[in-house]
Each structure stands twice: as C-alpha cells, then as structure tokens.
Amino acid sequence: MKLLAFAASNSRKSINKQLVRYAASLADGAEVEMLDLNDYELPLFSVDREAELGQPELAKAFASRIAASDALLISFAEHNGSYSAAYKNLFDWVSRLDKKVFQDKPMVMLATSPGARGGASVLAAATDSAPRFGGHVKASLAIPGFYQNFDVERGMLKNEDLRTKLKTAVNSLSELVPA
Ligand SMILES: Cc1cc2nc3c(=O)[nH]c(=O)nc-3n(C[C@H](O)[C@H](O)[C@H](O)COP(=O)(O)O)c2cc1C
C-alpha cells in the first residue's frame, strides 16, 4: 500500500506533521510518502488570479501525488476552528482541477492541537465534507493536549490509550488496501 501522508499546515515545526509522521509509521506494510505543503505554495486563490494563471503546475503536481497513492493520511492544524489558510488555499486551487480532490481514495483524518479539543472542530469539518470531494474516510481521531501526550524527542505518543486508538485508526487502511 502506498500511503501518502501530510499535515494540513505550513508550519516548519508543525505538531500535525510530527503526529502524521508517527501515525504513518504505525501502518502495517505501508510504503509511506510524506508530503510538505510548503512545496505547494500558491498565490492566494481568487477567480481573477485563476483567470490569469489557469491551472498551476503545483496544483497539478499535488493532485498527481494523490493519484499515485493507494490511501491518504492527513493531520489537520486548527486555526480559529477551521483549516489553516495554507491548506485551504491549496485545496481551493486543486478543487478547480477536479472537485474530487481526494480521488476516491480511502483515507484517515487526524488533528491535534495543544488545547483540550485537539482540533476537533477542523476535524469535524474535514470528515463531514470529505465525501463531497471524493474522500472515503475510514477513521478519524483528534489528539488533545499534544504536548502532554506526545514525546517530541522520541517522535511518538506516550499515552498508551491514544497510541492504541491511533494504530487502530491507521490500520483501517491496511485492511482495505493489500500490501
Ligand atoms: C491563527 C491561529 C489560530 C488558532 N486557532 C486554534 C483553534 O481554533 N483551536 C486550537 O485548538 N488551536 C488553535 N491554534 C493553535 C494551534 O493548534 C497550534 O498553533 C498548532 O501548533 C497548529 O498546528 P501545526 O503546528 O500543525 O501548524 C491556533 C493557532 C494560530 C496561529
């Protein structure tokens, strides 16, 4: 299974990137490819810029990475209860190539934040809307209190209960897609 994993954040020290990297390591038999949103930075979307720029190569490249994968693993940063501007901007551009941004791939959606809700609002928005964009969400999990529950130095969850939940969530993909 080719698993494409990324954080929906453009922070260099993204806690969602740390989480998604660890989560991907728990996927049995997966060939993991990590993607960085900073490599897909585009001008702020507007219909006027779209008229000028057409379909940017970077948007096509991002869609191609999804096309080449068997499954997706995304961890969402929450900004004011919603998506980071970096993710939403890229998503808007890519949605203009094809509304099925997720291309009928099975996917697991995660979120984390330092707060008590762990990005539950952005995760709800992402999971609720995914089917309209060709996303088949098999599991989702918000990890609250990132700095309490994640060992940043070792790059792993230290909370055993959350670790089990995360492994189960991620392996809902391995069950679906043969190695
Ligand atoms: C503009 C802004 C808005 C934020 N809003 C929220 C929020 O609504 N809920 C939350 O739990 N954390 C919020 N945070 C804190 C983020 O969860 C925290 O910055 C986290 O590190 C973002 O994930 P990332 O490191 O993967 O980018 C906000 C941070 C910023 C900079």
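Sequence positions, counted from 1, serve as the residue numbers for this chain. Keep in mind that what you see is a predicted model, and the values were worked out from it rather than measured.
Put simply, the side chain of Ser82 never gets that close to the backbone of His79: no donor and acceptor are under 3.5 Å apart. Between the Asp70 side chain and the Lys2 main chain, a donor and an acceptor come within less than 3.5 Å of each other. For the pair Gln55 (side chain) and Leu97 (backbone), a donor-acceptor distance under 3.5 Å is absent. Although no hydrogens or angles enter the test, the distance criterion places a donor-acceptor pair under 3.5 Å between the side chain of Asn171 and the main chain of Asp28. With hydrogens and angles ignored, the 3.5 Å screen pairs a side-chain donor or acceptor of Glu78 with a backbone N or O of Ser121. Remark: the backbone N or O of Asn10 is paired with a side-chain donor or acceptor of Asn38 at under 3.5 angstrom. Distance alone, capped at 3.5 Å, places no donor-acceptor pair between the Arg65 side chain and the Leu4 backbone.
Clustering ILVMFWY residues whenever any of their side-chain heavy atoms sit less than 4.5 angstrom apart, transitively, puts Val122 in the very cluster that holds Leu90. With hydrophobic clusters built from ILVMFWY side chains whose heavy atoms lie under 4.5 angstrom apart, Leu72 shares a cluster with Val137. Connection of Phe6 to Leu58 is established within a shared hydrophobic cluster, with ILVMFWY side chains joined at heavy-atom distances below 4.5 Å, either directly or through further cluster members. Under the 4.5 Å side-chain heavy-atom criterion for grouping Ile, Leu, Val, Met, Phe, Trp and Tyr, Ile74 is connected to Trp93 within one hydrophobic cluster. Hydrophobic clustering keeps Tyr87 apart from Met34 (ILVMFWY residues linked when any side-chain heavy atoms are closer than 4.5 Å, directly or through intermediates).
With sequence neighbours excluded, the residues that form a ring-ring contact (aromatic ring centres under 6.0 Å, His included) with Tyr40 are Phe62. The side chain to side chain donor-acceptor pair (under 3.5 Å) test applied to Asp161 returns Lys165, not counting sequence neighbours.
Within 6.0 Å of the NZ atom in Lys60, the count of heavy atoms belonging to other residues, nucleotides or ligands exceeds 12. Arg96 CZ: 12 or fewer foreign heavy atoms inside a 6.0 Å radius. Under a cut-off of 6.0 angstrom, the local environment of CD in Glu41 is sparse, with at most 12 non-hydrogen atoms contributed by other residues, nucleotides or ligands. Counting non-hydrogen atoms of neighbouring residues, nucleotides and ligands closer than 6.0 angstrom, the NZ atom of Lys167 exceeds 12 such neighbours.
Across all non-hydrogen atoms, the minimal contact from Leu123 to Ala111 is CB-CB, 4.0 Å. Heavy-atom minimum distance, Pro114 versus Ile15: CD-CD1, 3.9 Å. Residue Asn89 comes nearest to Leu42 through the heavy atom pair ND2-O, 3.0 Å, listed as atom of the first residue, atom of the second, then distance. Considering all non-hydrogen atoms of both residues, Leu173 and Met107 come closest at CD2-N, 3.7 Å. Considering all non-hydrogen atoms of both residues, Ser69 and Lys105 come closest at O-NZ, 2.8 Å. Nearest approach of Val170 to Val108, heavy atoms of both residues: CA-CG2, 4.4 Å.
Atoms OG and CE, from Ser75 and Met109 in turn, are 10.5 Å apart once rounded to the nearest 0.5 Å. Interatomic distance, Leu19 CG to Asn149 CG, rounded to the nearest 0.5 Å: 10.5 Å. To the nearest 0.5 angstrom, Ile143 atom CD1 is 9.5 Å from Tyr22 atom OH. The distance from atom OG1 of Thr112 to atom CZ of Phe76, rounded to the nearest 0.5 Å, is 13.5 Å. Rounding to the nearest 0.5 Å gives a distance of 10.0 Å between CG of Leu3 and CD of Glu31. One distance of note links CG of Asp92 with OH of Tyr83; it measures 10.0 Å at 0.5 Å rounding.
Side-chain contact between Phe146 and Val152: present, with at least one pair of heavy atoms (C-beta onward) separated by less than 4.5 Å. Contact annotation: the side chain of Leu110 approaches that of Leu166 to within less than 4.5 Å [non-hydrogen atoms, C-beta and beyond].
Counting only residues at least two apart or on different chains, the ring-ring contact (aromatic ring centres under 6.0 Å, His included) pairs with a member in residues 100-133 are Phe91-Phe102, Phe91-Phe133.
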